[in-house]
Amino acid sequence: MSKLQAPRGTFDVLPDDADAREAVEREARRVLEAAGYRRVETPTFEATELFARGVGEATDIVRKEMFTFEDQGGRSLTLRPEGTAPVCRAYVEHGMHKHAQPVRLWYLSSFYRHEAPQAGRYRQFWQVGAEAIGSDDPAVDAETILLLADLLDALNTHGIRLRISSLGTPETRAAYREELQAYLRAHEERLPREVAERIDLNPLRAFDAAGIEDLMADAPKLLDRLDADDAAHFAEVRRLLDGAGVHYDVDPTLVRGLDYYTRTVFEFESSELGAQSGVGGGGRYDRLVEMIGGPDTPGCGWAAGVERILLAADRPPVAPPPVDLYVAFVRPGDRATAFALAGEARRAGLGAQLELAGRSLKGQLKQADRVGARFVAILGEEGTELRDMESGDQRAVDAGRVVREVIRGREL
RNA sequence: GUGGGCGUAGCUCAGCUGGUAGAGCUCCUGGUUGUGGUCCAGGUGGUCGCGGGUUCGAGUCCCGUCGCUCACCCCA
């Protein structure tokens with residue numbers, strides 16, 4: 001008999017985790033809105049074609065990782081595997097090219113990919129992301145990178161390293177890819193089998209292979225093949241980052257798995273994470289808006305995994321909601337009075353909890369202590385008493401004055 | 001999809017060379033008639049992932065299966 005459980009690759013967010021995740025959202029809002037980004041929400045599912053065109057037919061995401069289904073009208077829909085294409089779709093659909101550019105948007109949403117789960121990798125996961133659409137100014141690239149650096153810093157993530165590179169244009173990249181493939185084929189006898197087998201599929205992987213470091217050191221690098229405009233653009237991005245004191249490594253082998261990237265690409269990784277070391281990353285996507293049917297519009301942005309941020313971050317101790325008043329009662333007949341008192345206290349702005357489990361008075365006091373109640377109102381046969389849980393003082397009070405007494409006592 | 005590790009109470013785990021299920025934590029109750037944080041006692045709670053096999057007897061051995069997890073791959 002199989003027990004019902006959360007589907008593979010998904011997880012429940014329990015109260016302690018929920019607090020930590022809220023902290024991520026809070027800091028993201030603070031950091032991004034300070035830079036003029038405004039929050040956006042797009043649908044959980046989109047037309048499959050959006051991702052096929054936007055993310056790229058050749059990518060792993062589109063080829064084997066999408067949760068795709070048909071609706072009752074026969075339309076093919078897909079649970080969003082990433083956030084950039086949907087945001088760009090919304091940009092086009094709502095005519096945001098008429099706004100002052102760049103339009104800056106941020107989101108914190110769930111995404112879905114059918115992958116084998118492992119540390120920091122889930123089938124439903126959350127990303128906080130930022131997109132600046134409508135400007136190809138290198139300051140946009142540098143600013144988005146700086147914002148993610150600031151966010152990771154504000155969340156006390158550890159072991160963070162930033163790698164950046166530039167992919168140039170799709171044409172540059174395609175020509176380079178052929179050049180690299182030719183180089184690898186010329187030295188095929190020296191390549192490990194896995195690398196040789198992947199020359200067609202993913203030649204850039206060769207840069208990560210062990211044992212052929214010297215061979216790859218002499219291999220052609222994409223950064224050396226950029227045209228003058230792209231090289232100048234990348235140089236300016238670097239100059240701005242240097243000026244802002246952002247530390248980074250230039251890594252000519254950095255590739256992002258989505259087809260839409262052009263020019264700047266970057267990735268923040270953390271040594272705290274294990275195999276899935278990427279915390280967040282992104283880059284420029286100057287062809288994406290046009291690819292999905294909009295006007296020729298440049299864009300730049302990033303996404304960071306909430307679960308991965310949390311894996312790399314210090315978790316501040318969780319603080320349960322404050323309880324100013326716990327309402328205890330002895331006789332079942334006093335339940336209605338207790339119920340009304342707890343409600344009155346909440347409307348007066350207090351954190352107030354009522355005994356809800358039929359405990360003994362001793363058990364009720366224990367529960368009040370556990371939840372951190374400052375005061376306990378005890379409705380008893382002799383009337384109402386108010387107990388200060390810090391000092392242990394307890395005295396009779398008029399039932400109608402309990403809330404006022406707690407408010408007064410709380411301020412002392 | 002492929003490989004390694006692991007699956008015993010809500011949680012963390014112990015169960016030696018097969019002998020009939022345990023601890024700590026949590027939770028509830030009680031320790032004089034209605035009072036917390038410490039302490040003491042008691043109690044709730046498990047078809048030992050599931051199915052088959054070997055055996056007089058299996059949580060413990062064998063096979064299968066499912067799940068979790070880590071890694072490859074890919075990426076957030």
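Fair warning: this is a prediction, and the values are worked out from it, not measured in the lab. We name chains A, B, ... by the order of the sequence lines, and we start the count at 1 in each one.
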Let's test your reading of the model: under 3.5 Å, does the base of [N] pair with the side chain of [X] as donor and acceptor?
X	N	answer
R63(A)	C74(B)	no
R387(A)	G36(B)	yes
Q364(A)	U35(B)	no

How close or far is atom [atom2] of [N] from atom [atom1] of [X], stated in whole angstroms?
X	N	atom1	atom2	answer
L273(A)	A76(B)	CG	P	13 Å
Q5(A)	C68(B)	CD	C1'	8 Å
K366(A)	C27(B)	NZ	P	6 Å
F329(A)	U35(B)	CZ	C1'	15 Å
Y260(A)	C75(B)	OH	C1'	11 Å
D369(A)	G37(B)	CG	C1'	4 Å
F266(A)	A76(B)	CZ	P	11 Å
R331(A)	U35(B)	CZ	P	16 Å

Can you tell me which nucleotide in [options] comes closest to the side chain of [X]?
X	options	answer
M389(A)	G1(B), G36(B), G34(B)	G36(B)
K362(A)	C70(B), G31(B), A76(B)	G31(B)
A119(A)	C74(B), G36(B), A71(B)	A71(B)

Touch class at under 4.0 angstrom, heavy-atom based, for [X] against every strand present:
X	result
S360(A)	sugar-phosphate
E267(A)	nothing
A368(A)	nothing
A357(A)	nothing
R359(A)	sugar-phosphate
Q367(A)	nothing
G120(A)	base

Legend entry - Ring-face cation contact, W106(A) with R38(A), 6.0 Å cut, 45° max: no

Inset, instruction - Assess R225(A) against Y176(A): is NZ or CZ under 6.0 Å from the centre of the six-membered ring, and within 45 degrees of the ring's axis? - result: no

Inset, instruction - Ignoring backbone atoms, establish whether Q118(A) has a side-chain N or O less than 4.0 Å from OP1 or OP2 of A71(B). - result: yes

Inset, instruction - May I ask you to verify if any side-chain N or O of R370(A) is less than 4.0 angstrom from the OP1 or OP2 atom of C28(B)? - result: yes

Inset, instruction - Indicate, with yes or no, if the rings of Y122(A) and F11(A) have centres closer together than 6.0 Å. - result: yes

Inset, instruction - Please answer whether A76(B) and F111(A) are stacked, defined here as ring centres separated by less than 5.5 Å and planes angled under 30°. - result: no

Is the [X] ring parallel, tilted or perpendicular to the [Y] ring (thresholds 30°, 60°)?
X	Y	value
Y260(A)	Y285(A)	perpendicular
F266(A)	F268(A)	perpendicular
F125(A)	F111(A)	tilted

Inset, instruction - Both distances under 3.5 Å, Watson-Crick or G-U wobble: report the partner of C16(B), or none. - result: none

Inset, instruction - Pick the C1' atom in G46(B) and in A21(B), then give their distance to the nearest Å. - result: 9 Å

